[in-house]
Amino acid sequence: MAPFKSGARKGIALALVSSLIGTALGSEASTNGSLPAYRNPHLGVDERVDDLLQRMTLEEKAGQMFQQYITAGPNGTVDETTGQWVDELLMTHLAFLGNIPDPVEAAEFHNRLQQRALDTRLGIRITLSTDSRHHLGPGFIGPPADGYFSRWPGFLGLAALRDPELVRKHADIAREESISIGLRLALHPQADLSTEPRWARIAESFGESAELSASLIAPYIEGLHTEEFGPNSMAACTKAFPGGGPLQNGWDSHFTYGMNQTYPGNNLDYHLIPFKAAIKAGTRQILPYYSRPINTEYEEVGFGFNKGIITDLLKGELGFDGIVLTDFGLITGGDAAGQYLPARAWGVEHLTDLERAAKILDAGCDQFGGETRPELVIQLVQDGTVPIERIDYSVRKLLKEKFLLGLFDQPFVSVENAVRVSKIEEFHRLANKTQRRAYTLLTNRDDILPLTNQAAPTKFYIEGFDASFLESRGHAVVATAEEADLALLRLQSPFEPHEGTFEATFHQGSLEFSSEEKARQAAIYKAVPTIVEMQFDRPAAIPEIVEQAVAVLASFGATEDALLDVVFGLAGPEGKLPYDLPRSDLAVEANLEDVPFDTEDPVFKFGHGLRYTRTASS
Ligand SMILES: *[C@@H]1O[C@H](CO)[C@@H](O)[C@H](O)[C@H]1NC(C)=O
Ligand SMILES: *[C@@H]1O[C@H](CO)[C@@H](O)[C@H](O)[C@H]1NC(C)=O
Ligand SMILES: *[C@@H]1O[C@H](CO)[C@@H](O)[C@H](O)[C@H]1NC(C)=O
Ligand SMILES: *[C@@H]1O[C@H](CO)[C@@H](O)[C@H](O)[C@H]1NC(C)=O
C-alpha cells in the first residue's frame with residue numbers, strides 16, 4: 001500500500017506547494033468562491049475559532065485532543081499509520097520523532113502531511129511538534145540533532161555560560177531553523193532542577209539553581225516566540241510541571257520503579273520558581289511530568305491525573321491559562337523505541353482506560369500526549385460523564401493556537417526557504433563558538449592547558465574519539481599510555497547500564513565509575529600526564545580523576561573539533577559549573593531529593609570554572 005494514498009490526485013498541488021505560500025487551498029474553499037468565516041484571514045481569531053468550533057462534529061473535536069509521535073515514511077512520505085490518524089481519527093497534533101537528513105525532504109514531508117489534513121472535511125491544519133533537536137551531548141532522549149541544523153551544546157552548556165542574551169539568540173535561531181521545515185510546537189524548554197543528581201533527565205535542564213534556570217527559561221521562551229506570538233513563532237511547551245527533579249533516589253518516572261516524587265525538604269516551592277518565570281514569559285503550553293508526589297498535601301497520583309496540581313496549583317495559584325498537554329502515554333501501554341512500557345498511570349493503575357481519561361480531563365488537562373484514543377473522549381461525552389462544554393473549552397484553546405501560529409492562512413512551508421535557512425552560516429558559526437565557550441575548566445595543574453608550547457608532533461594516547469582528529473593537526477597517536485608524551489581521554493559521565501532499548505538510553509543509578517574502571521584509569525594517569533574531558537549529562541562523583549589527571553575539562557555537548565580547539569588554545573573555556581559535583585554515591589544518598597546544594601563536601605561547587613592564563617597567540 002502506497003504510504004501517500006492520494007498521491008496521484010495531489011501530485012499537482014504538491015508540485016505547486018512552494019508557489020502556494022500565502023494561499024489556503026482546501027476542499028471547501030475550492031468548491032465555493034466565498035470562504036467560510038474560519039478560513040477568512042481578515043476576521044479576528046476568536047471569531048474564526050467560534051465559527052470553526054460550531055461546524056465541528058464530536059469526532060472532529062475529540063481528534064484535536066490527542067497528540068502522538070510519528071516518524072516519516074521513506075523519502076519524506078506520510079506512512080500509512082500516520083495517514084490513518086489524520087484521515088480517520090481526525091488528529092491534527094503530531095510530534096515528529098524522525099530525523100530527515102535533508103531540508104528539502106523534511107519540508108516536503110511537512111507539506112505532504114499538511115495536504116493530508118487539508119483534504120479532510122474541515123481541513124484543520126496539522127501542528128507538528130518536536131523534542132529539542134539542536135543540542136549535542138549525552139543524556140538526550142529526543143531525536144538526534146539534524147545534520148543541517150546548527151549544533152549547540154546541551155542546555156547545561158548554555159547554563160554554564162550564564163548569558164540570557166545568548167540563550168535568547170540560540171532559541172531564536174532554533175526557532176527559525178525549526179519553522180523552516182514546519183516544526184511549530186517545541187516540547188521544551190525543561191524547567192526542572194537537578195536537585196537530585198542521579199535523575200536521568202538533567203541534560204535537558206538548566207541545572208541546579210532555580211534562579212539561574214528562571215533567568216534563562218524566560219529568554220529561551222521569548223526567543224522561540226519572537227516579539228509577538230504569531231506566524232513566525234514556535235510555541236513553547238515548558239516541562240515537566242511541577243518540576244521533575246526530585247525523583248525518589250533519582251529513578252525516572254517513565255518506569256514503574258521510578259514513579260515516586262518526593263519532598264523530604266518540603267521544598268516544592270523552590271521547583272516552581274522557573275515555572276513562574278516561564279508563565280510570566282508567556283509559555284503557551286505546559287506539560288506535567290509522569291511522577292506522583294508522595295507524602296505531600298496532594299493526591300498520590302501522577303501529575304497529569306492530579307487536580308490539585310493542575311487546576312489548583314498551576315491554573316489557580318500560578319494563573320496559567322494556556323494549554324496543558326499530558327506527558328506521553330498515561331492511559332495506554334505501548335512501544336517506546338522497541339521496548340514495551342506499561343501506561344504511566346501512577347497511582348491510578350486500577351482505573352479503566354475510560355476512567356483514566358475522565359480523571360485527566362477532570363484534573364484540567366487539555367490534550368492527551370502519546371495517545372491515539374479519541375473514542376474515549378467520544379464515549380465520555382456520549383454517556384454523559386463529561387459535558388460537551390468541557391471538551392469545547394480545551395478544543396477552543398487548541399484551535400486558537402493554530403490560528404495564532406498562522407497555520408490556517410499559510411499551511412505550507414517553502415522548500416526554497418528551508419534550504420536557504422539551512423545554509424545561514426552565522427547560525428552554525430555561533431553554535432560552534434558556543435560549544436567551545438561552554439567548556440568548563442575544572443583543574444589545570446601548572447597551567448598545562450592550553451597546549452600552546454608542545455613540541456609537534458606530540459605523541460598522544462587517546463580514548464573516546466578518533467585518531468584522525470589529532471593526526472590531521474600534525475600529532476601522532478600511539479597505542480599505549482607508556483609510549484605517549486600526553487594522554488587525552490574523552491570520558492562520559494558514569495551511569496548504571498539498564499536493559500531495554502528505551503531504558504538503556506536513561507543514565508541512572510551510581511554517579512561513580514566502578515572500582516575496575518577506576519583502577520584502569522589510575523594506571524593511565526600514573527603512566528603519563530593525562531588531560532581528561534568529562535562529557536557531563538548528570539553530575540559525576542570523580543574525586544580520583546580530579547586528583548590524578550593533570551587537567552580536567554567538563555563539557556556539555558561538543559564535537560571533537562571543539563574539544564581540540566579548546567585543548568590547543570584556539571578557543572578558551574568560559575563555563576561555570578551549573579551544579580555541584582558530589583564527592584561520592586554515599587554523599588548523594590544523604591542528600592534530600594528536593595533541596596539544592598546540600599551535598600556534603602562537594603568536589604567542586606556550582607559556579608566553579610577556571611580560565612586560561614594564555615591563549616594560542618600569546
Ligand atoms: C457559497 O457561496 C455563496 C455565495 O457565493 C453563499 O451564499 C453560500 O452560503 C456558500 N456556501 C457555503 C457552503 O459556504
Ligand atoms: C526514494 O528515492 C530514491 C531516489 O529518488 C529512489 O531510488 C527510491 O526508490 C525511493 N524509495 C522509495 C521507498 O520510494
Ligand atoms: C512509592 O511510595 C509508596 C508510598 O510511600 C511506597 O509504598 C512504594 O513502595 C513506593 N514505590 C516505589 C516504586 O518506590
Ligand atoms: C561548524 O562545525 C562543523 C563541525 O565541527 C563544521 O563542519 C562546520 O563547517 C562549522 N561551521 C562554521 C560556519 O563554522
Side-chain angles (χ1 to χ4, degrees), residues 101-103 133-137 144-154 157 166 169-170 173-174 176-177 196 198-200 244 246-266 268 289-303 305-306 341-350 419-439 464-466 468-473 490 496 498 503 506 508-509 533 535 555-568 570-571 589 592-594:
D102 173 70
R133 41 175 79 227
H134 278 84
H135 305 95
L136 293 164
D146 292 81
Y148 50 91
F149 282 175
S150 53
R151 301 205 296 169
W152 298 75
L166 178 65
K169 181 78 189 157
H170 158 70
I173 290 171
E176 185 160 353
E177 291 179 338
E196 164 49 65
R198 289 169 293 182
W199 186 38
L247 272 298
Q248 193 166 46
N249 301 317
W251 301 113
D252 186 70
S253 52
H254 278 81
F255 312 107
T256 311
Y257 54 77
M259 68 171 72
N260 284 344
Q261 188 152 318
T262 177
Y263 297 91
N266 199 20
L268 185 127
Y289 205 36
Y290 292 121
S291 339
R292 61 164 189 158
I294 54 166
N295 303 324
T296 69
E297 65 189 276
Y298 296 102
E299 194 184 356
E300 298 195 341
V301 297
F303 292 125
F305 297 98
N306 208 310
L341 290 188
R344 272 70 81 201
W346 309 141
V348 295
E349 293 87 346
H350 58 285
V419 172
R420 179 191 68 80
V421 170
S422 74
K423 292 187 173 145
I424 299 178
E425 219 181 78
E426 184 210 339
F427 294 177
H428 295 265
R429 203 173 17 247
L430 186 60
N432 286 0
K433 185 176 169 192
T434 306
Q435 283 180 36
R436 287 153 177 78
R437 292 182 58 211
Y439 268 87
F465 66 106
D466 197 90
S468 60
F469 290 100
L470 271 170
E471 287 164 353
S472 67
R473 294 181 190 231
R490 189 157 220 229
E496 286 172 33
H498 278 70
E503 208 165 337
F506 285 69
Q508 309 191 79
E533 178 201 26
Q535 298 179 272
S555 69
F556 306 96
T559 62
E560 290 84 355
D561 284 329
L563 166 64
L564 295 183
D565 280 358
V566 169
V567 165
F568 291 107
L570 303 173
E589 278 160 33
L592 302 181
E593 281 91 339
D594 57 332

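Every heavy atom of this structure was used, including side-chain atoms; hydrogens, water molecules and symmetry mates were not. Remember, it's 1-based here, ligands and their atoms both numbered in the order they're listed.
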Determine whether the side chains of Q261 and S253 contain a donor N or O and an acceptor N or O closer than 3.5 Å. no
For Y257 and N249, does a side-chain donor sit closer than 3.5 Å to a side-chain acceptor? no
Short side-chain donor-acceptor distance under 3.5 Å, T559 and D561: no
So which protein heavy atom does atom 12 (C) of ligand 3 come closest to, and at what separation? N260 ND2, 3.4 Å
Residue pair Y439 / E533, side-chain donor-acceptor N/O under 3.5 Å: yes
S422 and E177: side chain to side chain donor-acceptor pair (under 3.5 Å), yes or no, with the steps? CA-CA 7 Å; S422 74; E177 291 179 338; over 6 Å; no
Yes or no: does T256 have any heavy atom under 4.0 Å from an atom of ligand 3? yes
Counting from 1 in the order shown, the ligand 4 atoms closer than 4.0 Å to a non-hydrogen atom of E425 are 13 (C)
Taking only non-hydrogen atoms of N432 and a 4.0 Å limit, the atoms of ligand 4 in range are 1 (C), 2 (O), 3 (C), 8 (C), 10 (C), 11 (N), 12 (C), 14 (O)
Suppose we measure from atom 5 (O) of ligand 3 to each protein heavy atom; which comes out shortest, and what is that distance? I294 CD1, 4.0 Å
Is atom 7 (O) of ligand 4 close to the protein, meaning a heavy atom under 4.0 Å from it? no
Out of all atoms in ligand 4, which are within 4.0 Å of some heavy atom of D561? Include the element for each. 5 (O)
Say whether R292 and ligand 3 are in contact under the criterion: heavy-atom distance to a ligand atom below 4.0 Å. yes
Quick one, F506 with F255, criterion ring pair (Phe, Tyr, Trp, His ring centres under 6.0 Å). Give me CA distance, side-chain angles, the key distance, then yes/no. CA-CA 10 Å; F506 285 69; F255 312 107; 5.0 Å; yes
Given R292 and F303, is the side-chain contact (heavy atoms from CB on, under 4.5 Å) satisfied, shown in steps? CA-CA 6 Å; R292 61 164 189 158; F303 292 125; over 6 Å; no
Protein non-hydrogen atom below 4.0 angstrom of atom 2 (O) of ligand 3 present: yes
